[in-house]
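All figures in this text were calculated on a predicted structure; none of them were measured in a lab.
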Amino acid sequence: MPEDKGWKSPYLLLTVTMLLWGSAFSSSKSVVAQLPHTVAALLRFGGGAVALLAAVAVFGKPAATPASARGGGRRAALAGILGVFAYNGFFFWGLSLAPSLDAGIVIPVLSPVLTSAFLLVTGRERASGGRLAGLALGLAGAVVFFFGAGGSAHGGATRLSGDLLYLLSAVCWAAYTLIGPRVLAGIDPLRATTYATCAGAVLLGALAAPDLGEVHWDGLPAGLWLNVVFLAIGPAAVANLLYYRGVGAVGPASASLMMFMVPVVNTVCAMVFLGESFGGLQALGALVLLSGAVLAVTRGRVPARPRARTTPIAGKRPSEL
(Lines give C-alpha, C1' and ligand atoms only; values in the text may rest on other atoms or scores of the structure.)
Protein backbone atom coordinates (compact mmCIF):
# COMPACT_ATOMS: atom_id res chain seq x y z
CA MET A 1 0.00 0.00 0.00
CA PRO A 2 1.53 3.36 -0.96
CA GLU A 3 2.32 5.72 1.82
CA ASP A 4 -0.02 8.70 2.21
CA LYS A 5 1.51 12.04 1.38
CA GLY A 6 0.93 15.58 2.55
CA TRP A 7 -1.37 16.13 5.51
CA LYS A 8 -2.34 12.43 5.47
CA SER A 9 1.25 11.27 6.02
CA PRO A 10 1.26 8.92 9.04
CA TYR A 11 4.47 10.46 10.34
CA LEU A 12 2.91 13.91 10.19
CA LEU A 13 -0.11 12.61 12.11
CA LEU A 14 2.17 11.03 14.70
CA THR A 15 4.20 14.22 15.00
CA VAL A 16 1.05 16.22 15.70
CA THR A 17 0.07 13.59 18.28
CA MET A 18 3.40 13.91 20.09
CA LEU A 19 3.13 17.70 20.06
CA LEU A 20 -0.29 17.47 21.71
CA TRP A 21 0.83 14.91 24.28
CA GLY A 22 4.07 16.76 25.01
CA SER A 23 2.26 20.03 25.67
CA ALA A 24 -0.27 18.34 27.99
CA PHE A 25 2.13 18.13 30.96
CA SER A 26 2.74 21.86 31.32
CA SER A 27 -0.87 22.62 30.43
CA SER A 28 -2.08 20.31 33.21
CA LYS A 29 0.38 21.93 35.61
CA SER A 30 -1.14 25.36 34.94
CA VAL A 31 -4.59 23.97 35.79
CA VAL A 32 -3.32 22.37 39.01
CA ALA A 33 -1.86 25.75 40.00
CA GLN A 34 -5.42 27.14 40.16
CA LEU A 35 -7.46 24.14 41.32
CA PRO A 36 -7.11 21.20 43.71
CA HIS A 37 -5.29 18.44 41.87
CA THR A 38 -8.26 16.06 42.23
CA VAL A 39 -10.61 18.57 40.61
CA ALA A 40 -8.11 19.28 37.83
CA ALA A 41 -7.92 15.57 37.03
CA LEU A 42 -11.72 15.30 36.98
CA LEU A 43 -12.15 18.27 34.64
CA ARG A 44 -9.57 16.98 32.22
CA PHE A 45 -10.78 13.41 32.03
CA GLY A 46 -14.45 14.15 32.48
CA GLY A 47 -14.16 16.44 29.48
CA GLY A 48 -11.99 13.87 27.72
CA ALA A 49 -14.65 11.21 28.26
CA VAL A 50 -17.28 13.45 26.65
CA ALA A 51 -14.97 14.22 23.71
CA LEU A 52 -14.15 10.53 23.20
CA LEU A 53 -17.82 9.54 23.35
CA ALA A 54 -18.45 12.03 20.56
CA ALA A 55 -15.50 10.58 18.61
CA VAL A 56 -16.87 7.05 19.01
CA ALA A 57 -20.27 8.19 17.72
CA VAL A 58 -18.64 9.61 14.60
CA PHE A 59 -15.60 7.38 13.96
CA GLY A 60 -16.08 4.23 16.07
CA LYS A 61 -16.32 0.82 14.42
CA PRO A 62 -19.41 -1.23 15.30
CA ALA A 63 -18.86 -4.28 17.49
CA ALA A 64 -19.04 -7.71 15.87
CA THR A 65 -21.80 -8.85 18.24
CA PRO A 66 -23.66 -7.28 21.18
CA ALA A 67 -22.09 -9.89 23.48
CA SER A 68 -18.57 -8.99 22.40
CA ALA A 69 -19.39 -5.31 22.86
CA ARG A 70 -20.57 -5.90 26.43
CA GLY A 71 -17.61 -8.13 27.30
CA GLY A 72 -15.09 -5.77 25.72
CA GLY A 73 -16.68 -2.79 27.43
CA ARG A 74 -16.43 -4.43 30.86
CA ARG A 75 -12.80 -5.38 30.32
CA ALA A 76 -11.94 -1.90 29.10
CA ALA A 77 -13.70 -0.28 32.07
CA LEU A 78 -11.73 -2.46 34.48
CA ALA A 79 -8.51 -1.55 32.70
CA GLY A 80 -9.46 2.10 33.08
CA ILE A 81 -9.21 1.75 36.86
CA LEU A 82 -5.47 1.21 36.42
CA GLY A 83 -4.68 3.16 33.25
CA VAL A 84 -6.87 6.22 33.86
CA PHE A 85 -7.84 6.45 37.53
CA ALA A 86 -4.68 5.25 39.28
CA TYR A 87 -2.32 6.66 36.66
CA ASN A 88 -3.85 10.13 36.70
CA GLY A 89 -4.48 10.14 40.43
CA PHE A 90 -0.74 9.82 40.99
CA PHE A 91 0.09 12.12 38.06
CA PHE A 92 -2.03 15.08 39.14
CA TRP A 93 -1.00 14.63 42.76
CA GLY A 94 2.60 14.76 41.59
CA LEU A 95 1.90 17.94 39.64
CA SER A 96 0.86 19.63 42.90
CA LEU A 97 4.34 18.93 44.31
CA ALA A 98 6.84 18.86 41.45
CA PRO A 99 7.37 20.63 38.11
CA SER A 100 5.72 19.30 34.97
CA LEU A 101 9.23 19.21 33.52
CA ASP A 102 9.96 16.16 35.67
CA ALA A 103 6.71 14.43 34.71
CA GLY A 104 7.55 14.74 31.01
CA ILE A 105 10.79 12.86 31.62
CA VAL A 106 9.81 10.25 34.20
CA ILE A 107 6.52 9.03 32.75
CA PRO A 108 7.00 8.71 28.97
CA VAL A 109 10.67 7.68 29.23
CA LEU A 110 10.59 5.36 32.22
CA SER A 111 7.34 3.58 31.22
CA PRO A 112 8.91 1.68 28.26
CA VAL A 113 11.93 0.83 30.42
CA LEU A 114 9.66 -0.71 33.06
CA THR A 115 7.63 -2.52 30.39
CA SER A 116 10.76 -4.01 28.81
CA ALA A 117 12.14 -5.05 32.20
CA PHE A 118 8.92 -6.89 33.09
CA LEU A 119 8.82 -8.70 29.75
CA LEU A 120 12.38 -9.91 30.26
CA VAL A 121 11.89 -10.96 33.88
CA THR A 122 8.76 -12.96 33.03
CA GLY A 123 10.39 -14.58 29.99
CA ARG A 124 7.87 -13.13 27.53
CA GLU A 125 10.75 -11.68 25.52
CA ARG A 126 14.32 -12.83 25.06
CA ALA A 127 17.19 -10.82 26.47
CA SER A 128 19.66 -9.24 24.08
CA GLY A 129 22.84 -7.34 24.73
CA GLY A 130 21.34 -4.11 23.42
CA ARG A 131 18.19 -4.38 25.52
CA LEU A 132 20.05 -5.30 28.72
CA ALA A 133 22.46 -2.43 28.19
CA GLY A 134 19.54 -0.07 27.62
CA LEU A 135 17.78 -1.20 30.80
CA ALA A 136 20.94 -0.82 32.86
CA LEU A 137 21.57 2.63 31.39
CA GLY A 138 17.95 3.64 32.00
CA LEU A 139 18.08 2.47 35.61
CA ALA A 140 21.30 4.39 36.21
CA GLY A 141 19.81 7.51 34.65
CA ALA A 142 16.69 7.21 36.82
CA VAL A 143 18.79 6.94 40.00
CA VAL A 144 20.78 10.03 39.04
CA PHE A 145 17.60 11.90 38.11
CA PHE A 146 15.85 11.19 41.42
CA PHE A 147 18.99 11.93 43.38
CA GLY A 148 19.21 15.29 41.64
CA ALA A 149 15.54 16.00 42.34
CA GLY A 150 16.05 15.65 46.06
CA GLY A 151 19.53 17.04 46.52
CA SER A 152 20.16 19.80 43.99
CA ALA A 153 19.57 23.51 44.41
CA HIS A 154 16.61 23.15 42.04
CA GLY A 155 15.11 20.29 44.01
CA GLY A 156 14.15 19.36 47.54
CA ALA A 157 11.99 16.94 49.49
CA THR A 158 8.77 18.22 47.92
CA ARG A 159 10.07 17.88 44.37
CA LEU A 160 11.40 14.40 45.12
CA SER A 161 8.00 13.38 46.54
CA GLY A 162 6.31 14.60 43.36
CA ASP A 163 8.80 12.73 41.20
CA LEU A 164 8.16 9.52 43.14
CA LEU A 165 4.44 9.97 42.43
CA TYR A 166 5.34 10.34 38.75
CA LEU A 167 7.23 7.05 39.10
CA LEU A 168 4.06 5.40 40.40
CA SER A 169 2.23 6.83 37.38
CA ALA A 170 4.85 5.28 35.11
CA VAL A 171 4.38 1.92 36.87
CA CYS A 172 0.61 2.16 36.34
CA TRP A 173 1.03 3.02 32.68
CA ALA A 174 3.53 0.22 32.09
CA ALA A 175 1.11 -2.26 33.70
CA TYR A 176 -1.77 -0.90 31.64
CA THR A 177 0.31 -1.32 28.49
CA LEU A 178 1.13 -4.90 29.40
CA ILE A 179 -2.46 -5.96 30.09
CA GLY A 180 -3.89 -3.96 27.21
CA PRO A 181 -3.58 -6.51 24.38
CA ARG A 182 -5.20 -9.25 26.47
CA VAL A 183 -7.83 -7.24 28.32
CA LEU A 184 -8.87 -5.15 25.33
CA ALA A 185 -8.68 -7.86 22.66
CA GLY A 186 -11.54 -7.99 20.18
CA ILE A 187 -12.71 -4.39 20.65
CA ASP A 188 -12.11 -1.28 18.58
CA PRO A 189 -9.14 0.56 20.22
CA LEU A 190 -10.94 3.91 20.14
CA ARG A 191 -14.03 2.42 21.77
CA ALA A 192 -11.86 0.62 24.36
CA THR A 193 -10.06 3.85 25.20
CA THR A 194 -13.40 5.61 25.58
CA TYR A 195 -14.78 3.00 27.97
CA ALA A 196 -11.57 3.08 30.01
CA THR A 197 -11.61 6.87 30.15
CA CYS A 198 -15.26 7.00 31.20
CA ALA A 199 -14.70 4.46 34.00
CA GLY A 200 -11.62 6.31 35.19
CA ALA A 201 -13.43 9.66 35.06
CA VAL A 202 -16.22 8.32 37.30
CA LEU A 203 -13.68 7.22 39.92
CA LEU A 204 -11.78 10.50 39.61
CA GLY A 205 -15.11 12.24 40.24
CA ALA A 206 -15.58 10.28 43.44
CA LEU A 207 -12.05 11.19 44.51
CA ALA A 208 -12.63 14.88 43.74
CA ALA A 209 -16.05 15.12 45.41
CA PRO A 210 -14.75 16.39 48.80
CA ASP A 211 -12.79 19.17 47.06
CA LEU A 212 -15.50 20.40 44.69
CA GLY A 213 -17.07 22.61 47.35
CA GLU A 214 -13.78 24.43 47.93
CA VAL A 215 -13.63 25.74 44.36
CA HIS A 216 -14.91 29.27 43.70
CA TRP A 217 -16.31 28.47 40.28
CA ASP A 218 -17.49 32.01 39.52
CA GLY A 219 -13.97 33.37 39.95
CA LEU A 220 -12.18 30.96 37.63
CA PRO A 221 -10.56 32.80 34.71
CA ALA A 222 -11.51 32.15 31.10
CA GLY A 223 -7.95 31.08 30.37
CA LEU A 224 -8.27 28.14 32.73
CA TRP A 225 -11.43 26.91 31.00
CA LEU A 226 -9.74 27.23 27.60
CA ASN A 227 -6.89 25.15 28.98
CA VAL A 228 -9.29 22.47 30.24
CA VAL A 229 -11.04 22.35 26.86
CA PHE A 230 -7.68 21.99 25.12
CA LEU A 231 -6.66 19.11 27.40
CA ALA A 232 -9.96 17.30 26.92
CA ILE A 233 -10.17 17.66 23.15
CA GLY A 234 -6.54 17.87 22.03
CA PRO A 235 -4.40 15.37 23.99
CA ALA A 236 -7.37 13.10 24.71
CA ALA A 237 -9.67 12.86 21.67
CA VAL A 238 -7.81 14.31 18.66
CA ALA A 239 -4.41 12.88 19.57
CA ASN A 240 -5.85 9.37 19.98
CA LEU A 241 -7.60 9.50 16.63
CA LEU A 242 -4.38 10.58 14.90
CA TYR A 243 -2.34 8.01 16.79
CA TYR A 244 -4.55 5.10 15.73
CA ARG A 245 -4.26 6.13 12.08
CA GLY A 246 -0.51 6.61 12.35
CA VAL A 247 0.14 3.30 14.10
CA GLY A 248 -2.05 1.50 11.57
CA ALA A 249 0.16 2.82 8.77
CA VAL A 250 3.69 2.46 10.17
CA GLY A 251 3.22 -0.16 12.90
CA PRO A 252 3.60 0.06 16.70
CA ALA A 253 7.39 -0.41 16.67
CA SER A 254 8.08 2.63 14.52
CA ALA A 255 5.39 4.63 16.29
CA SER A 256 6.96 3.86 19.67
CA LEU A 257 10.11 5.67 18.58
CA MET A 258 8.05 8.79 17.97
CA MET A 259 7.11 8.71 21.66
CA PHE A 260 10.54 10.04 22.50
CA MET A 261 9.49 13.38 21.04
CA VAL A 262 7.20 13.84 24.05
CA PRO A 263 9.89 14.70 26.65
CA VAL A 264 11.53 17.09 24.20
CA VAL A 265 8.26 18.94 23.52
CA ASN A 266 7.42 18.97 27.22
CA THR A 267 10.83 20.36 28.18
CA VAL A 268 10.43 23.26 25.75
CA CYS A 269 6.88 24.02 26.93
CA ALA A 270 7.75 23.81 30.63
CA MET A 271 10.76 26.09 30.29
CA VAL A 272 9.14 28.64 27.98
CA PHE A 273 5.63 28.87 29.44
CA LEU A 274 6.17 27.96 33.10
CA GLY A 275 9.77 28.98 33.69
CA GLU A 276 10.68 25.55 35.07
CA SER A 277 14.24 24.25 35.00
CA PHE A 278 16.44 21.28 35.77
CA GLY A 279 19.46 21.19 38.00
CA GLY A 280 22.66 19.97 36.35
CA LEU A 281 22.45 16.54 37.98
CA GLN A 282 18.83 16.08 36.94
CA ALA A 283 19.62 17.09 33.38
CA LEU A 284 22.42 14.53 33.25
CA GLY A 285 20.14 11.84 34.65
CA ALA A 286 17.43 12.72 32.13
CA LEU A 287 19.85 12.37 29.21
CA VAL A 288 21.15 9.02 30.47
CA LEU A 289 17.61 7.77 31.12
CA LEU A 290 16.43 8.82 27.66
CA SER A 291 19.43 7.15 26.00
CA GLY A 292 18.83 3.94 27.90
CA ALA A 293 15.12 3.93 27.05
CA VAL A 294 15.80 4.36 23.33
CA LEU A 295 18.36 1.53 23.44
CA ALA A 296 16.01 -0.74 25.41
CA VAL A 297 13.11 -0.17 23.04
CA THR A 298 15.07 -0.44 19.78
CA ARG A 299 17.61 -3.06 20.95
CA GLY A 300 20.11 -1.04 18.95
CA ARG A 301 18.14 -1.44 15.72
CA VAL A 302 15.74 0.84 13.88
CA PRO A 303 12.46 -1.05 13.29
CA ALA A 304 11.47 -1.53 9.68
CA ARG A 305 8.21 -0.20 8.32
CA PRO A 306 5.67 -3.02 7.96
CA ARG A 307 4.55 -3.99 4.47
CA ALA A 308 0.89 -4.09 5.35
CA ARG A 309 -1.36 -2.06 7.60
CA THR A 310 -1.42 -3.42 11.12
CA THR A 311 -3.87 -3.17 13.99
CA PRO A 312 -2.86 -0.77 16.76
CA ILE A 313 -2.06 -2.35 20.09
CA ALA A 314 -4.48 -1.18 22.74
CA GLY A 315 -2.87 0.60 25.63
CA LYS A 316 0.26 1.72 23.73
CA ARG A 317 -0.35 5.45 24.21
CA PRO A 318 0.45 7.55 27.22
CA SER A 319 -1.45 10.15 28.02
CA GLU A 320 -4.00 10.31 29.22
CA LEU A 321 -1.11 12.84 30.15
[X] side chain to [Y] backbone, donor-acceptor under 3.5 Å:
{"X": "D163", "Y": "V106", "answer": "no"}
{"X": "Y166", "Y": "A98", "answer": "yes"}
{"X": "S111", "Y": "P108", "answer": "no"}
{"X": "Y243", "Y": "T17", "answer": "no"}
{"X": "N227", "Y": "G223", "answer": "no"}
{"X": "S96", "Y": "W93", "answer": "yes"}
{"X": "E276", "Y": "L101", "answer": "yes"}

key: Verdict with reasoning, L78 to I81, per side-chain contact (heavy atoms from CB on, under 4.5 Å)   = CA-CA 5 Å; L78 290 173; I81 297 174; 4.2 Å; yes
[X] side, atom [atom1]; [Y] side, atom [atom2] - distance, nearest 0.5 Å:
{"X": "I233", "Y": "L20", "atom1": "CD1", "atom2": "CG", "answer": "11.5 Å"}
{"X": "Q282", "Y": "S277", "atom1": "CD", "atom2": "OG", "answer": "9.0 Å"}
{"X": "L14", "Y": "S9", "atom1": "CG", "atom2": "OG", "answer": "8.5 Å"}
{"X": "N88", "Y": "L207", "atom1": "CG", "atom2": "CG", "answer": "11.0 Å"}
{"X": "L203", "Y": "L42", "atom1": "CG", "atom2": "CG", "answer": "11.0 Å"}
{"X": "F145", "Y": "D102", "atom1": "CZ", "atom2": "CG", "answer": "4.0 Å"}

F25 vs F91, ring pair (Phe, Tyr, Trp, His ring centres under 6.0 Å): CA-CA, chis, key distance, verdict = CA-CA 10 Å; F25 292 94; F91 168 59; 5.8 Å; yes
task = Please report the C-alpha distance between Y11 and M258 in whole Å, then the side-chain angles of each, then the deciding distance to 0.1 Å, and finally whether the side-chain contact (heavy atoms from CB on, under 4.5 Å) criterion is met.
result = CA-CA 9 Å; Y11 287 104; M258 300 287 289; 4.2 Å; yes
task = Verify side-chain contact (heavy atoms from CB on, under 4.5 Å) between L290 and I105, making sure each step is shown before the conclusion.
result = CA-CA 8 Å; L290 181 59; I105 296 295; over 6 Å; no
Under a 4.5 Å cut-off applied to non-hydrogen side-chain atoms, are [X] and [Y] in contact?
{"X": "V113", "Y": "L139", "result": "no"}
{"X": "T194", "Y": "T197", "result": "no"}
{"X": "F146", "Y": "L160", "result": "yes"}
{"X": "K29", "Y": "P99", "result": "no"}
{"X": "C198", "Y": "L53", "result": "yes"}
{"X": "H37", "Y": "L95", "result": "no"}

Co-membership, hydrophobic cluster, residues [X] and [Y], 4.5 Å side-chain:
{"X": "F273", "Y": "V268", "value": "yes"}
{"X": "L110", "Y": "V288", "value": "no"}
{"X": "V109", "Y": "L135", "value": "yes"}
{"X": "M261", "Y": "V294", "value": "yes"}

message = Evaluate F90 against L167 for side-chain contact (heavy atoms from CB on, under 4.5 Å), listing each step before the verdict.
response = CA-CA 9 Å; F90 291 129; L167 174 60; over 6 Å; no
key: Selection residues 109-138 - residue pairs positive for ring-ring contact (aromatic ring centres under 6.0 Å, His included), sequence neighbours left out   = none
